**Student:** 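I am attaching a structure below and will ask some questions about it afterwards.
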Amino acid sequence: MDAVRVALLREVLAGTEWLQTTRRFAGSLRASVGPREGGLLLIGSEEYEPWHLAAHLDDEAAWSGLPELSPTLVRHRVPDGPVPAHLSVGLGWLEGAGRGETLLVVTPGDPGAGLLERVNDARRGGATVLALDGGDSELHTLAHDALAVPGDAGLDLDTVQHLVSAAAGENSLPARPGRRRFGDRLARLAERLTAPPPPRW
């Protein structure tokens with residue numbers, strides 16, 4: 001989903017709680033990763049690997065000049081054979097997660113007992129835990145901040161991921177009243193649409 005479609009989606013959702021909710025969660029994400037690159041760990045369940053969000057956060061990191069938003073995708077199963085370094089990080093990586101790192105757990109369903117145990121260990125080690133999921137109570141108990149997308153929400157998890165990643169890459173410093181011009185926003189949007197995507201994913 002490109003920037004134009006995200007803008008249209010935001011127009012459709014204007015007046016609902018989703019814009020404010022996703023921006024709030026994106027703010028938590030931005031605040032937790034800080035200025036340190038490589039501290040954002042992204043993981044899903046065994047059944048759901050959040051490739052899409054990883055790619056969009058990587059794009060936002062490049063376009064916004066915020067390299068700390070570029071995630072490390074932690075995988076339950078790393079395939080045999082030659083795999084690019086950024087796609088070969090297994091669950092063992094979480095054993096060293098600690099202070100200064102953020103673990104973002106994304107799953108539409110049950111995260112599983114094994115993942116919850118690793119998330120708990122990472123939190124006890126000092127990592128910040130965020131959850132974007134279907135509303136699992138155990139995961140939310142472990143998370144410092146969580147955004148639930150239940151099945152009856154009217155939106156699916158993939159759509160909410162687009163809103164969160166786009167909001168995370170936005171300029172966090174508000175313009176002074178009356179100083180931000182519409183043309184400036186259009187210019188920034190055009191720049192993002194014409195910029196080639198990073199080749200990482």
Side-chain angles (χ1 to χ4, degrees), residues 22 24-79 83-136 138-149 157-158 160-169 172 198-201:
T22 52
R24 180 202 58 75
F25 187 78
S28 292
L29 175 59
R30 281 278 293 270
S32 68
V33 295
R36 177 174 170 268
E37 184 177 0
L40 177 57
L41 308 176
L42 179 61
I43 188 169
S45 64
E46 287 195 59
E47 295 77 23
Y48 182 86
E49 199 164 53
W51 283 92
H52 224 122
L53 182 58
H56 281 291
L57 284 172
D58 204 52
D59 287 345
E60 292 296 338
W63 286 327
S64 63
L66 298 168
E68 61 269 24
L69 285 178
S70 185
T72 296
L73 181 63
V74 181
R75 309 179 69 185
H76 287 260
R77 290 176 296 276
V78 177
V83 180
H86 66 283
L87 299 179
S88 60
V89 176
L91 289 174
W93 192 278
L94 296 182
E95 295 176 5
R99 193 171 306 280
E101 293 180 297
T102 297
L103 179 60
L104 175 55
V105 184
V106 182
T107 174
D110 182 3
L115 177 57
L116 288 172
E117 182 177 348
R118 290 178 183 272
V119 170
N120 183 49
D121 290 343
R123 174 169 175 143
R124 292 176 65 182
T128 299
V129 176
L130 303 178
L132 179 56
D133 72 329
D136 184 85
E138 291 186 75
L139 178 57
H140 284 213
T141 299
L142 296 174
H144 293 89
D145 196 359
L147 175 55
V149 188
L157 185 64
D158 287 340
V160 173
Q161 289 178 54
H162 287 295
L163 293 171
V164 168
S165 60
S172 61
R200 183 177 175 190
W201 298 96

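Everything numeric in this text was worked out from a predicted model, so none of it was measured.
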**Student:** First locate atom CG of L40, then atom OG1 of T72, and finally report the distance between them rounded to the nearest 0.5 Å.
**Tutor:** 7.5 Å
**Student:** Would a 4.5 Å heavy-atom cut-off, applied to side chains only, mark W93 and R118 as touching?
**Tutor:** no
**Student:** Is there side-chain contact between F25 and V160, with at least one heavy-atom pair below 4.5 Å?
**Tutor:** no
**Student:** List the atom of R30, the atom of G169, and the distance in Å for their closest heavy-atom pair.
**Tutor:** NH1-C, 4.1 Å
**Student:** Heavy atoms, side chains only, cut-off 4.5 Å: are L91 and H76 in contact?
**Tutor:** yes
**Student:** With rounding to the nearest 0.5 Å, note down the distance linking CG in D136 to OG1 in T107.
**Tutor:** 8.0 Å
**Student:** For the residue pair D110 and S45, establish whether any side-chain heavy-atom pair is separated by less than 4.5 Å.
**Tutor:** no
**Student:** Starting at CG of D145, measure out to CG of L29 and round the result to the nearest 0.5 Å.
**Tutor:** 9.5 Å
**Student:** How long is the gap from CD1 on I43 to CZ on R75, to the nearest 0.5 Å?
**Tutor:** 11.5 Å
**Student:** Find out whether H140 and D133 are in side-chain contact, i.e. whether some heavy atom of one side chain is under 4.5 Å from a heavy atom of the other.
**Tutor:** yes
**Student:** For the backbone of V129 and the side chain of H144, can you confirm whether one donor and one acceptor N or O come within less than 3.5 Å of each other?
**Tutor:** yes
**Student:** Can you name the nearest heavy-atom pair linking G44 to L115, along with the distance?
**Tutor:** O-CD2, 3.4 Å
**Student:** Roughly how far apart are L69 CG and H56 NE2, rounded to 0.5 Å?
**Tutor:** 14.0 Å
**Student:** Determine, stepwise, if the pair L53 / L104 fulfils side-chain contact (heavy atoms from CB on, under 4.5 Å).
**Tutor:** CA-CA 11 Å; L53 182 58; L104 175 55; 4.0 Å; yes
**Student:** Between S32 and T128, do the side chains contain an N or O donor and an N or O acceptor separated by less than 3.5 Å?
**Tutor:** no
**Student:** Do L66 and V33 touch side chain to side chain, with heavy atoms closer than 4.5 Å?
**Tutor:** no
**Student:** Please tell me if the side chains of L139 and L116 come closer than 4.5 Å, counting only heavy atoms from C-beta onward.
**Tutor:** yes
**Student:** If you take all heavy atoms of A26 and A168, which pair is closest and at what distance?
**Tutor:** CB-N, 3.6 Å
**Student:** Would a 4.5 Å heavy-atom cut-off, applied to side chains only, mark V149 and P108 as touching?
**Tutor:** no
**Student:** Which pair of heavy atoms, one from P71 and one from L57, lies closest together, and at what distance?
**Tutor:** CD-CB, 3.9 Å
**Student:** Would you say E117's side chain and G114's backbone share a donor-acceptor pair under 3.5 angstrom?
**Tutor:** no
**Student:** Can a donor-acceptor pair be found between the side chains of S70 and D58 at a distance below 3.5 Å?
**Tutor:** yes
**Student:** For the backbone of L103 and the side chain of R123, can you confirm whether one donor and one acceptor N or O come within less than 3.5 Å of each other?
**Tutor:** no
**Student:** Nearest 0.5 Å please: distance from the CD atom of E49 over to the CG atom of L42.
**Tutor:** 9.0 Å
**Student:** Decide side-chain contact (heavy atoms from CB on, under 4.5 Å) for L94 and D121; before the verdict, give the C-alpha distance in whole Å, the side-chain angles of both, and the deciding distance to 0.1 Å.
**Tutor:** CA-CA 8 Å; L94 296 182; D121 290 343; over 6 Å; no
